[in-house]
Colleague: 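First the structure, then my questions, so here it is.
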Amino acid sequence: MDAVERANVERQKRWVKDQKVGEGTYAVVYRGREASTGRKVAIKKIKVGQFKDGLDMSAVREVKYLRELKHQNVIELLDVFSSKTNLNLVLEFLDSDLEMIIKDRSLVFLPADIKSWMAMTFRGLEFCHRNFVLHRDLKPNNLLIASDGQLKIADFGLARDFADPGYKMTCQVITRWYRPPELLFGCRYYGTAVDIWSVGCIFAELMLRTPYLAGESDMDQLKTIFRALGTPTEQDWPGHTKLPDYITVGQFPKTPLRDLFTAASPDALNLLSKCLIYEPRRRISAKDALHHQYFFAQPHPSYPSKLPKCATQLATAQPLEEVDANVDMESTVAGGKGGPIKARPKRKLNSPYDDSKSRSIARRLDFTQPIPGS
Amino acid sequence: MATDFWASSHYKRWITDRATLKQARAEDLQYVDDPEHLEFLDIYFANAIAKLGRKLQLRQRAIATATVFFRRFYLKNAYCETDPFLVIAACCYVAAKAEESPVHIKNVVTESRTLFSQHYNVKNFPSDNSKLGEMEFYLVDDLECDLTVFHPYRTLMALCKKESSTDEDDETEAGEVGVGISADEGQRYWGSSEDKLEMSEAALQMAWHIINDTYRGSLCLLYPPHLIAIAAIYLTQVFHRPSRDNLSTLLQPPSSTAPHPRRSSRNAAESKKHQDPVTFLAELNVSLPLIATISQEIIALYALWDRYKDDSLPDTSSSSRQSPLSATGGCASRSRSGGTPQSEAADDHRVTPAFLSNLLMKMRENRLTDLAHPPTGRPVAVNKMLERTQAAG
């Protein structure tokens with residue numbers, strides 16, 4: 001055994017794999033812990049199988065970017081080790097995701113809560129963009145929530161760095177409901193603005209508690225967007241009619257956001273509208289968003305540990321598995337999702353909403369759990 | 001390339017020193033007569049990677065990444081203990097994926113088999129995908145999953161621009177409506193054209209080729225890529241004839257304090273602020289002695305390379321290099337049959353790929369013999385992969 005192998009065995013011993021909690025196309029996720037401290041982790045075992053097709057592209061991307069990105073609001077890759085013929089990624093253990101929280105009807109969101117989640121999302125995203133990484137699959141399901149309430153961007157399986165000038169990228173990215181119009185029109189040169197559109201959709205979804213722009217097909221998605229925000233004119237978005245897959249889907253008038261978001265503050269609507277600007281170059285950047293008036297106005301963002309949590313996060317007897325972005329949660333979502341690009345096997349979850357005994361509590365503050373970090 | 005270099009795995013874990021490099025080759029050193037042959041092997045492997053990369057139609061950056069993966073892998077492994085050609089194929093395969101231009105595994109296997117059997121006398125390259133898949137796994141494991149590699153190319157493009165190219169030109173090239181990268185982000189990524197050093201197209205080409213050439217040695221393991229890029233710019237200023245002439249007119253009157261009036265008429269047509277190369281290099285906030293060291297090492301690499309006789313000489317970038325150091329060429333031995341140690345000896349100190357292919361085979365054979373008959377008298381498992389699998393299991 002040479003030094004390299006010894007080091008690997010050492011790393012391997014540091015982590016203990018417990019039960020399997022989910023399975024995706026290229027990985028199996030286990031709950032685990034650090035042997036010495038008992039700290040909970042998620043271990044993602046990348047299937048190499050019989051080595052027939054090599055490592056999955058998503059696995060390569062995920063590993064590539066998570067090895068580099070370290071930020072409070074980005075899921076942390078703690079370690080990597082190999083066992084027999086598998087690569088194992090040791091990730092932070094995160095109990096739920098924003099989608100579960102949005103769907104949990106027993107929870108009431110205060111404007112300050114929404115602001116807090118938005119701030120954490122923009123902070124994580126700004127960090128990615130500052131480091132020239134496009135996420136390309138932002139959706140509530142990929143924004144994981146740690147037990148201390150911190151939001152973490154996860155699933156870098158579609159992420160990539162900025163392309164060189166003139167180098168085409170695929171437009172087949174981002175789950176449909178969160179996909180910006182330029183990608184639906186087949187634009188092959190794009191940048192950070194695509195992620196911002198997704199964040200705008202998530203922002204709206206937090207306020208509405210239901211997906212904002214839920215199209216049934218790519219064509220319908222465009223129609224849904226234009227119905228909500230009005231069909232763009234050449235003035236709104238110069239040159240969009242020349243995009244490769246441009247099609248006309250009908251003329252819809254612009255309706256003020258205020259009509260739908262009746263309870264939102266003017267600042268919130270202003271930020272939302274800037275995230276959903278048609279012309280990608282004029283869409284707000286993550287950095288500018290963080291400096292937006294919305295985040296400085298009253299009420300101040302909720303402290304992460306005070307944010308609403310899912311029932312499952314509180315129930316210690318039946319803790320929810322690490323919700324890995326790679327493991328799709330579709331089976332729990334009524335009505336299906338906006339056509340995810342990646343065909344992933346579905347997984348049954350112990351649905352948090354069946355938990356009728358915890359329904360009655362509208363907003364729970366958790367004082368039972370140990371202080372994070374202690 | 002992504003992320004901040006100073007916070008990257010590249011900087012934190014993969015910039016190494018000469019002592020480590022030497023230690024990494026300790027095992028191989030026992031099986032070669034002349035330590036210099038190992039340096040020739042560096043060139044030999046880099047050429048093989050570049051050739052395979054071109055067959056697979058990889059971009060230069062992906063080829064460079066594959067080369068860096070290869071060098072990193074052999075910081076932890078010995079040539080004589082592994083199959084470098086399988087490693088090369090795996091490096092290209094992983095690099096293609098890491099650089100967002102994936103190639104099908106079958107394709108890599110086919111191209112590798114053809115190329116290596118034709119030019120490198122490798123007859124036993126596995127025909128089955130799973131071998132390459134397995135090698136990929138070991139490679140990624142030994143790379144510790146650090147797949148983000150920084151290259152000097154981007155620094156070059158950020159620091160220099162083609163003469164008389166304006167920002168608007170670049171914009172239309174980047175093309176098509178709806179470019180989503182704002183001017184602000186673009187500037188941070190590729191630099192602004194304001195204070196770029198203007199170079200002629202040929203000079204820029206040369207700098208680019210010099211950077212390509214640095215991958216023939218271990219420089220990518222020793223120095224941060226931006227310094228390599230600056231060294232390449234410096235060498236271009238010296239080697240590129242018109243640039244050098246420019247430079248000497250610039251430097252002739254030692255009293256010249258303001259370079260502005262001395263600008264060539266060609267540049268004067270433009271109103272923007274121009275940089276003369278001397279001030280430009282001086283104003284970069286880097287250690288110039290270190291740049292000089294790197295430049296020396298690049299030159300030493302060329303000196304070594306001059307004695308390496310590739311079978312496809314016009315293929316190497318040396319033809320486009322006008323440096324006084326460029327390979328003299330002419331005596332390219334296209335026939336593989338003649339490339340034996342004898343012909344090498346006849347051609348004083350010249351090393352051919354065929355010689356190195358033989359050397360490599362001998363190294364591995366001798367290594368196997370040694371393993372089978374260790375000093376302790378206890379036979380050892382010879383399959384390293386198998387051994388590792390057992391250890392991990």
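Naming: A, B, ... by sequence-line order, numbering from 1 per chain.
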Colleague: Within the distance-only criterion (no hydrogens, no angle test), does the side chain of B/Glu144 pair as donor or acceptor with the backbone N or O of A/Val80 below 3.5 angstrom?
Modeller: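 Side chain of B/Glu144 to backbone of A/Val80: no pair is present.
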Colleague: Can you tell me how far CG of B/Asp4 sits from CZ of A/Phe127, rounded to the nearest 0.5 angstrom?
Modeller: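 Rounded to the nearest 0.5 Å, the CZ-CG separation comes out at 8.5 Å.
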Colleague: If I take atom CD from residue A/Glu62 and atom CG from residue B/Leu147, how far apart are they, to the nearest 0.5 angstrom?
Modeller: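 The CD atom of A/Glu62 sits 12.0 Å away from the CG atom of B/Leu147.
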Colleague: For A/Met169 and B/Glu100: C-alpha separation, side-chain torsions, deciding distance, then whether side-chain contact (heavy atoms from CB on, under 4.5 Å) applies.
Modeller: CA-CA 9 Å; A/Met169 296 184 267; B/Glu100 293 287 337; over 6 Å; no
Colleague: Of all heavy-atom pairs between B/Phe137 and A/Ser82, which one has the smallest distance, and what is that distance?
Modeller: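 The pair with the smallest heavy-atom distance is CZ-CB, 3.8 Å.
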Colleague: With a 4.5 angstrom heavy-atom cut-off, which part of B/Val140 approaches chain A: side chain, backbone, both or neither?
Modeller: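 Only the side chain of B/Val140 comes within 4.5 Å of chain A.
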Colleague: Examine whether an atom of A/Ala159 lies under 4.5 Å from a heavy atom of chain B, and if so say whether it belongs to the side chain, the backbone or both; otherwise answer neither.
Modeller: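 Contact with chain B: backbone only.
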Colleague: Can you tell me how far the CG atom of A/Asp56 sits from the NZ atom of B/Lys97, to the nearest 0.5 Å?
Modeller: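 A/Asp56 CG to B/Lys97 NZ: 7.5 Å, rounded to 0.5 Å.
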Colleague: So for atom CD, which belongs to B/Gln30, do other residues, nucleotides or ligands contribute more than 12 heavy atoms lying within a distance under 6.0 Å?
Modeller: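 Count over threshold, so yes.
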Colleague: For A/Arg123, check side chain to side chain donor-acceptor pair (under 3.5 Å) against everything at least two apart and list the hits.
Modeller: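 A/Arg123: no side chain to side chain donor-acceptor pair (under 3.5 Å) contacts found.
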Colleague: Can you measure from SG (B/Cys145) to CD (A/Glu68) and round to the nearest 0.5 angstrom?
Modeller: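 Separation between the atoms: 11.0 Å.
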Colleague: At a 4.5 Å cut-off on heavy atoms, which part of A/Arg160 comes close to chain B: side chain, backbone, both, or neither?
Modeller: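 Both parts, backbone and side chain.
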Colleague: With rounding to the nearest 0.5 angstrom, report the OG to CG distance, B/Ser8 to A/Asn131.
Modeller: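 Nearest 0.5 Å value for the OG-CG distance: 10.0 Å.
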Colleague: Rounded to the nearest 0.5 Å, how far does CZ of B/Arg13 lie from CZ of A/Arg67?
Modeller: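 Those atoms lie 4.0 Å apart.
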Colleague: NZ of B/Lys106: more than 12 outside heavy atoms within 6.0 angstrom?
Modeller: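 Yes, NZ of B/Lys106 has more than 12 neighbouring heavy atoms, counting only those of other groups under 6.0 Å.
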Colleague: Should we count CD of A/Gln235 as having more than 12 external heavy atoms under 6.0 Å?
Modeller: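 Counting neighbours around CD of A/Gln235, 12 or fewer heavy atoms of other residues, nucleotides or ligands fall under 6.0 Å, so no.
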Colleague: Could you tell me whether B/Lys22 atom NZ has more than 12 heavy atoms of other residues or ligands within 6.0 Å of it?
Modeller: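 Atom NZ in B/Lys22 is not packed in, count stays at 12 or less.
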Colleague: Where is the tightest heavy-atom contact between A/Leu55 and B/Glu136, given as atom of each residue plus distance?
Modeller: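 Result for this residue pair: N-OE1, 2.7 Å.
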Colleague: Taking OH in A/Tyr246 as the centre, count heavy atoms belonging to other residues, nucleotides or ligands within less than 6.0 Å. Is the count above 12?
Modeller: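 Correct, the count exceeds 12.
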